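All heavy atoms count here, side chains included; hydrogens, waters and symmetry mates do not. As the structure is a prediction and not an experimental result, all values here were calculated from the model.
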Amino acid sequence: MAKLNALVAGSTGYIGVQLIKLLMKHKYINIKYLCGNSSVGKKISDYDKSLLQKKLPKIIKFNKKLLNDVDVIFTALPNGEAQDISKNLNNHNTLIDLAADFRLEKASEYLKWYKQKHRATHLINKSLYSLPEINGKDLKKYQIISCPGCYPTSILLPLIPLFKDNLVKTKNITIDSKSGYSGAGRGVHKKYKDKNLYELLSAYGVGFHRHNSEIDQMLKKFTKKQINFNFTPHLTPMFRGILSTIYIDLETGINQSKVIKKLSNFYKKDSFVKIMKADALISTNDVINSNNCFISVCKTKYKDKIIILSAIDNLIKGGAGQAIQNLNIKFNFPLKAALK
């Protein structure tokens with residue numbers, strides 16, 4: 001099988017560097033171009049010393065002529081920039097966006113939550129939000145693939161199957177998520193320069209984090225239900241990983257074992273979602289440097305309630321790994337290519 005040429009735009013961020021590391025292991029991908037803005041002319045090893053001895057192209061500024069030479073474009077850019085690239089795609093290009101540019105299905109919702117007008121509204125309906133285990137089978141016919149956010153990945157994977165089969169109630173849901181500081185990007189160091197980033201735990205986006213819109217939209221889309229939830233993200237003093245703790249009420253006649261059975265059956269053919277034994281105390285350490293999502297269903301002192309724990313690596317399953325998982329499905333590559 002011939003290799004595909006790939007361009008990575010936004011190559012120097014935490015997600016971009018992680019993507020490069022994974023793509024280098026992909027035997028069907030050749031990294032043709034690395035693109036950036038303030039990093040033009042530099043080597044990617046300036047941003048990660050582990051890449052020092054690797055043969056990789058120098059960083060250049062993106063221009064649309066580069067699209068003639070590549071098959072796949074990965075965009076790990078600030079929100080809005082992938083929209084501009086999408087308008088110049090050639091027929092043979094596939095765009096895989098790791099930012100939020102094509103996650104929301106209405107331009108009005110994008111404006112509401114991201115405070116900027118969508119600049120490629122005519123392409124929204126021609127793109128697919130692909131959470132691989134849920135709707136990845138549909139992505140082959142799309143040229144633009146939108147990868148879910150890191151928090152929503154950890155939340156939607158355990159919840160969608162349960163809502164679809166009416167195992168849990170749709171109200172009074174609390175989602176408490178904690179992420180490593182890499183989820184905030186390299187700019188997090190400037191934002192917290194007057195505080196000790198490596199020793200603090202802080203809540204942010206309380207009540208109105210942007211990912212609320214994505215979670216709400218996708219729960220409605222995949223379950224056909226209106227779900228009422230509160231979501232609060234937290235920044236932790238670890239570099240990577242997400243642990244989401246979800247408090248939820250059971251429907252009448254449903255118990256912990258039935259929830260575990262449902263999730264186990266739903267994901268039994270999936271390589272990256274692991275349903276753990278009852279009450280397993282999982283941690284981010286279980287999934288770091290992998291494309292896995294570990295899910296544990298725990299009892300509470302109330303028989304009609306459960307607590308779901310969901311752990312992922314935000315840079316891989318919540319970012320670069322999921323993008324490659326979508327790539328592998330799109331081009332019929334082995335699902336675990338570059339993700340073992």
Side-chain angles (χ1 to χ4, degrees), residues 13-23 25-26 48 50 76 98 130-134 136 147-162 175-185 188 201 211 214-215 231-247 259-260 263-264 266-298 306-329 334-340:
Y14 290 134
I15 289 278
V17 168
Q18 180 64 73
L19 181 61
I20 291 165
K21 289 180 177 180
L22 293 176
L23 289 174
K25 299 192 297 181
H26 204 302
D48 191 302
S50 70
L98 288 82
S130 178
L131 187 57
E133 290 82 4
I134 303 298
C147 298
C150 51
Y151 285 124
T153 296
S154 71
I155 294 161
L156 294 173
L157 285 172
L159 290 188
I160 286 173
L162 303 182
I175 304 168
D176 180 304
S177 296
K178 294 177 175 64
S179 173
Y181 62 80
S182 60
V188 70
L201 173 66
H211 283 167
E214 183 183 338
I215 297 165
F231 163 60
T232 304
H234 300 76
L235 200 65
T236 71
M238 61 185 183
F239 176 63
R240 63 198 299 160
I242 285 177
L243 181 67
S244 287
T245 306
I246 305 168
Y247 304 83
V259 170
I260 294 173
L263 289 172
S264 297
F266 191 90
Y267 290 114
K268 64 183 177 182
K269 294 182 180 179
D270 290 298
S271 301
F272 301 115
V273 179
K274 317 290 184 183
I275 310 304
M276 314 308 289
K277 292 181 180 179
D279 304 309
L281 298 179
I282 60 173
S283 75
T284 55
N285 192 56
D286 297 318
V287 295
I288 291 302
N289 296 315
S290 82
N291 196 53
N292 293 329
C293 174
F294 277 21
I295 297 172
S296 173
V297 181
C298 302
I306 54 170
I307 298 172
I308 297 175
L309 306 177
S310 178
I312 65 169
D313 185 322
N314 59 298
L315 295 180
I316 301 184
K317 184 57 176 170
Q322 188 149 249
I324 291 176
Q325 195 178 343
N326 280 325
L327 168 84
N328 291 342
I329 296 170
L335 187 64
K336 291 188 176 182
L339 298 174
K340 292 180 181 180

Would you say that L339 contacts N328 through its side chain, given a criterion of any heavy-atom pair below 4.5 Å between the two side chains? yes
Residues passing the side-chain hydrogen bond (donor to acceptor under 3.5 Å, both in side chains) test with E214, sequence neighbours excluded, are Y129
Residue pair S154 / C293, side-chain heavy-atom distance below 4.5 Å: no
Salt-bridge contact K274-D286 (side-chain N to carboxylate O under 4.0 Å): no
Mark yes or no for whether N292, through its side chain, and F294, through its backbone, hold a donor-acceptor pair below 3.5 Å. no
What do the steps show when you test F266 against V273 for side-chain contact (heavy atoms from CB on, under 4.5 Å), and what is the final call? CA-CA 10 Å; F266 191 90; V273 179; over 6 Å; no
I want to check something: taking the side chain as every heavy atom from C-beta on, are K336 and S271 in contact at a cut-off of under 4.5 Å? yes
CA sep, side-chain torsions, deciding dist, call: L243, T236, side-chain contact (heavy atoms from CB on, under 4.5 Å): CA-CA 10 Å; L243 181 67; T236 71; over 6 Å; no
Closest approach of G136 and I329, non-hydrogen atoms and distance? O-CG2, 3.5 Å
Show me the donor-acceptor pairs, under 3.5 Å and distance only, between side chains in residues 275-284 and residues at least two apart or in other chains.
from : atom 1 : to   : atom 2 : distance (Å)
D279 : OD1    : Q256 : NE2    : 3.1
D279 : OD1    : K299 : N      : 2.8
S283 : OG     : N285 : N      : 3.2

When every non-hydrogen atom of G180 is compared with those of L235, the smallest separation belongs to O-CD1, 4.0 Å
Can you give me the closest heavy-atom contact between H211 and P152, atom names plus distance? ND1-CD, 3.3 Å
Reported CG-to-CD1 distance for the pair L157 and I134, which is rounded to 0.5 angstrom: 6.0 Å
Once ring pair (Phe, Tyr, Trp, His ring centres under 6.0 Å) is applied, do any residues pair with F239, and if so which ones, sequence neighbours excluded? Y14, Y181
Name all pairs fulfilling the salt bridge (Lys or Arg N to Asp or Glu O under 4.0 Å) condition that reach into residues 314-327, sequence neighbours left out, sorted by first residue then second. E133-K317
Test side-chain contact (heavy atoms from CB on, under 4.5 Å) on L263 and I295; report intermediate values, then the result. CA-CA 9 Å; L263 289 172; I295 297 172; 4.1 Å; yes
Spacing of OG belonging to S182 relative to CD belonging to Q18, to within rounding of 0.5 Å: 9.0 Å
Is any side-chain heavy atom of N291 closer than 4.5 Å to a side-chain heavy atom of L22? no
Minimum heavy-atom distance between N314 and G241, given as atom pair plus value: OD1-N, 2.6 Å
Let me see the working for Q322 and L98 under side-chain contact (heavy atoms from CB on, under 4.5 Å), right down to the final yes or no. CA-CA 9 Å; Q322 188 149 249; L98 288 82; over 6 Å; no
Heavy atoms, side chains only, cut-off 4.5 Å: are K178 and T245 in contact? no
Run the ring pair (Phe, Tyr, Trp, His ring centres under 6.0 Å) test against F231 and tell me which residues pass, sequence neighbours left out. Y151, H209
Who pairs with D270 by side-chain hydrogen bond (donor to acceptor under 3.5 Å, both in side chains), at least two apart in sequence or on another chain? none
Is any side-chain heavy atom of I324 closer than 4.5 Å to a side-chain heavy atom of L19? yes
Within this structure, what is the OG-CD1 distance for the pair S177 and I246, rounded to the nearest 0.5 Å? 7.0 Å
Hey, what do you get for CD1 (I316) to SG (C150), rounding to the nearest 0.5 Å? 13.0 Å
Straight-line distance of L131 CG to I160 CD1, nearest 0.5 Å: 6.0 Å
Could you give the distance from CD1 (I20) to CD1 (I15), rounded to the nearest 0.5 Å? 11.5 Å
